[in-house]
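Read through the structure below, which is laid out as structure tokens, and then see the notes.
Below, each value reflects all heavy atoms present in this structure, side chains not excepted, and no hydrogens, waters or symmetry copies. All values reported here derive from a predicted model rather than from experimental measurement.
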Amino acid sequence: MFALVDCNNFYVSCERVFNPGLQNRPVVVLSNNDGCFIARSEEAKAIGLAMGDPAYKNRELLRQHNVAVYSANFPLYGDMSARVMKTLETLAPDLEIYSIDECFLDLGGFGKFNLADYAAATRKTVHRNTGIPVSIGIGATKTIAKAANRMAKKNLSLGGVCILSTAAATREALGAMAVEHIWGIGSQYAALLHKQHIHTALDFADAPTHWVQKHLHITGARVQQELNGHSCLPLELVRSRKQSICTSRSFGSLVSSYEEIGYAIAHFTSTCAFKLRREGSRASLLTVFLYTSPFIEKENRYRGTRTFALPFPSNNTLELQKAAQLLLASIYRSGYGYKKAGVLVSGITDEKGAAMTTLSLFDNDPLPRNQKRDMKLMETLDAINSRFGQGTLRTASDTNSGWKQRQEKLSPHYTTRWNDIIEIHA
DNA sequence: TCTGGGGTCCTAGGACCC
DNA sequence: TCTGGGGTCCTAGGACCC
């Protein structure tokens, strides 16, 4: 058996922990740039504020219902997530942190325990330790646990816990669930399935396997197997090395100048390099991209993207920034107002393995010596920024001057920034 | 009349997840 | 005026290798 523990309206719940006045009030959290709704309290959902909808289209509703609006505060949510996961680690032998607000638990050895008591105790402990309310779904596979979790959230009489312990109970639950709510079935597949008169999760579980395999491919076939109680998705106990790392932002207002975009690209590159070092990884491919808004007329749109293969895998900020500026120069077109840019690193290898890379026959640089020196430099950079804050020490090109984002309703960094805490008490 | 078999790498795009 | 950010896996086609 697997359990899925999912934090309720997670970002909203984080804001409520530090601001109890937000209880029983509609609350929303906005995406970066204060763009779209990415979390909504139950009260906000009831008003009709939809996930992913832009805030500016809902200005009147927000005002009418006196909705509390927050800019995304990811340092706060990340820290609260770590606290929830730390608590769960004390309650289950094996777990997989699936996302910032979800965690799968392996209940394989829980045969003699009463799962309902265990789940209720888990909810209580997480809430006591962190202030975050969670829902728990339990089933024979991860996909069934996901479905159970959805039921626990939708059906208030269940008290936040839903356990599908038998095949009969599972089939009954799946019969009441629309096919588009299955984990792994998105809007495109849902439309295809409805056309085939497959409307419920149970219809999908019972659909001909060869048809599913043909139209939804191997991933869809696995989902079907999982719904029928055959576990295909094991718990991933060790987090695997990321295969790509992306840093990108939309700009608060349009940016046209090459210089300004260069600053942004330098900043994104330095963030990517930092993330690589934090993971103990190096990248061999670097991609830079630059977009105009997708919401303007087609004739005025431009999307530039280009990839560079580095001579050696690298996580060095200076090396990556040099390559990124070359790429930017080749994709930048003057005369456009750019809305978004980003940097993506891929072709990722282990830092230690990469250090043993075959040397180039043509490169005059004595690589091993420079690499040692550069690694020391990056270590020092990270140590200073870790102590005094990210961005304290940076390259001159990384100035973050004109492309700032909008963040007008930001709550304090209650758990990660001393100055914010001092200000609250002042 | 008749024209193999087995690979890799790269790019692009489509689907999904949170 | 205003529309997020960061990932994964899979498929398919083209170019290339022997």
(request) Can you tell me the distance, in whole Å, between the NZ atom of Lys339(A) and the C1' atom of dT3(C)? (result) 8 Å
(request) Look at the side chain of Arg249(A) and decide which nucleotide, out of dT3(C), dG6(C), dG4(C), has an atom nearest to it. (result) dG6(C)
(request) To the nearest Å, give me how far apart CZ (Phe251(A)) and P (dG4(C)) are. (result) 13 Å
(request) Classify the nucleic acid contact of Leu216(A) as base, sugar-phosphate or nothing, counting any heavy atom under 4.0 Å across all strands shown. (result) nothing
(message) Does this structure show an ion pair linking Glu180(A) with Arg150(A), if we count only N-O contacts that are shorter than 4.0 Å?
(response) no
(request) Have a look at Ile185(A) and say if it touches a base, only the backbone sugar-phosphate, or nothing, with a 4.0 Å heavy-atom cut-off. (result) sugar-phosphate
(message) What's Asn33(A) touching, base or sugar-phosphate or nothing? Going by heavy atoms closer than 4.0 Å.
(response) nothing
(message) Whether Glu279(A) and Arg239(A) form a salt bridge (side-chain N of Lys/Arg under 4.0 Å from carboxylate O of Asp/Glu) is what I want to check.
(response) yes
(message) Is it the case that the side chains of Glu226(A) and Thr143(A) hold a donor-acceptor pair, with the cut-off being a distance below 3.5 Å and no angle test?
(response) yes
(request) Would you classify Arg59(A) as touching base, sugar-phosphate or nothing, given that sugar-phosphate means primed atoms plus P, OP1 and OP2, and contacts are heavy atoms under 4.0 Å? (result) base
(request) Report the C-alpha distance between Arg241(A) and Asp350(A) in whole Å, list the side-chain angles of each, state the deciding distance to 0.1 Å, and finish with yes or no for salt bridge (Lys or Arg N to Asp or Glu O under 4.0 Å). (result) CA-CA 8 Å; Arg241(A) 185 180 302 281; Asp350(A) 190 306; 2.9 Å; yes
(request) With heavy atoms under 4.0 Å as the rule, sort Ile218(A) into base, sugar-phosphate or nothing. (result) sugar-phosphate
(request) Quick one: label Ser244(A) by what it contacts on the DNA or RNA (base, sugar-phosphate, nothing), any heavy atom closer than 4.0 Å. (result) sugar-phosphate
(message) Looking only at side-chain N and O atoms, does Thr395(A) offer a donor or acceptor that is under 3.5 Å from a partner on Ser397(A)?
(response) yes
(request) Select base, sugar-phosphate, or nothing to describe what Asp101(A) touches, counting heavy atoms under 4.0 Å on all strands. (result) sugar-phosphate
(message) Counting only side-chain heavy atoms from C-beta out, which of dC2(C), dC17(B), dG4(C) sits nearest to Trp183(A)?
(response) dC17(B)
(request) List the protein contact pattern of nucleotides 7-15 of chain B with one symbol per nucleotide (5' to 3'): B for base contact, S for sugar-phosphate-only contact, - for none; contact means a heavy-atom distance under 4.0 Å. (result) --------S
(message) If we count only N and O atoms by modelled type, under 3.5 Å, do the side chains of Ser13(A) and Asn8(A) hold a donor and an acceptor together?
(response) no
(request) Pick the P atom in dT3(B) and in dC18(C), then give their distance to the nearest Å. (result) 25 Å
(message) Using modelled atom types and a 3.5 Å cut-off, is there a donor and acceptor pairing between side-chain atoms of Asp106(A) and backbone atoms of Asp94(A)?
(response) no
(request) Could you state the atom-to-atom distance from CZ of Phe289(A) to P of dG6(C) in whole Å? (result) 8 Å
(message) Less than 4.0 angstrom between a side-chain N/O of Lys146(A) and OP1 or OP2 of dC18(B), yes or no?
(response) yes
(message) Could you spell out the base pairing of DNA chain B as a dot-bracket line? Use Watson-Crick and G-U wobble contacts where both distances are under 3.5 Å, [ ] for crossing pairs, | for partners on a different strand.
(response) ....||||||||||||||
(request) Looking at every strand, decide which applies to Tyr98(A) at a 4.0 Å heavy-atom threshold: base, sugar-phosphate, or nothing. (result) sugar-phosphate
(message) Please evaluate residues Phe251(A) and Tyr338(A) with respect to the criterion ring pair (Phe, Tyr, Trp, His ring centres under 6.0 Å), reporting the C-alpha separation (whole Å), side-chain torsions for both, the decisive distance (0.1 Å), and the verdict.
(response) CA-CA 8 Å; Phe251(A) 303 131; Tyr338(A) 292 102; 8.3 Å; no
(request) Drop me the distance from Cys162(A)'s SG to Ile138(A)'s CD1, to the nearest 0.5 angstrom. (result) 9.0 Å
(message) Does dT1(C) have its OP1 or OP2 closer than 4.0 Å to a side-chain nitrogen or oxygen of Ser253(A)?
(response) no
(message) From C-beta outward on Ser248(A), which listed nucleotide comes closest to its side chain: dG5(C), dT3(C), dC18(B)?
(response) dG5(C)
(message) Tell me whether Lys142(A) is salt-bridged to Glu96(A), with the criterion being a basic N under 4.0 Å from an acidic carboxylate O.
(response) yes
(message) It should be established whether Lys242(A) places a side-chain nitrogen or oxygen under 4.0 Å from OP1 or OP2 of nucleotide dG6(C).
(response) no
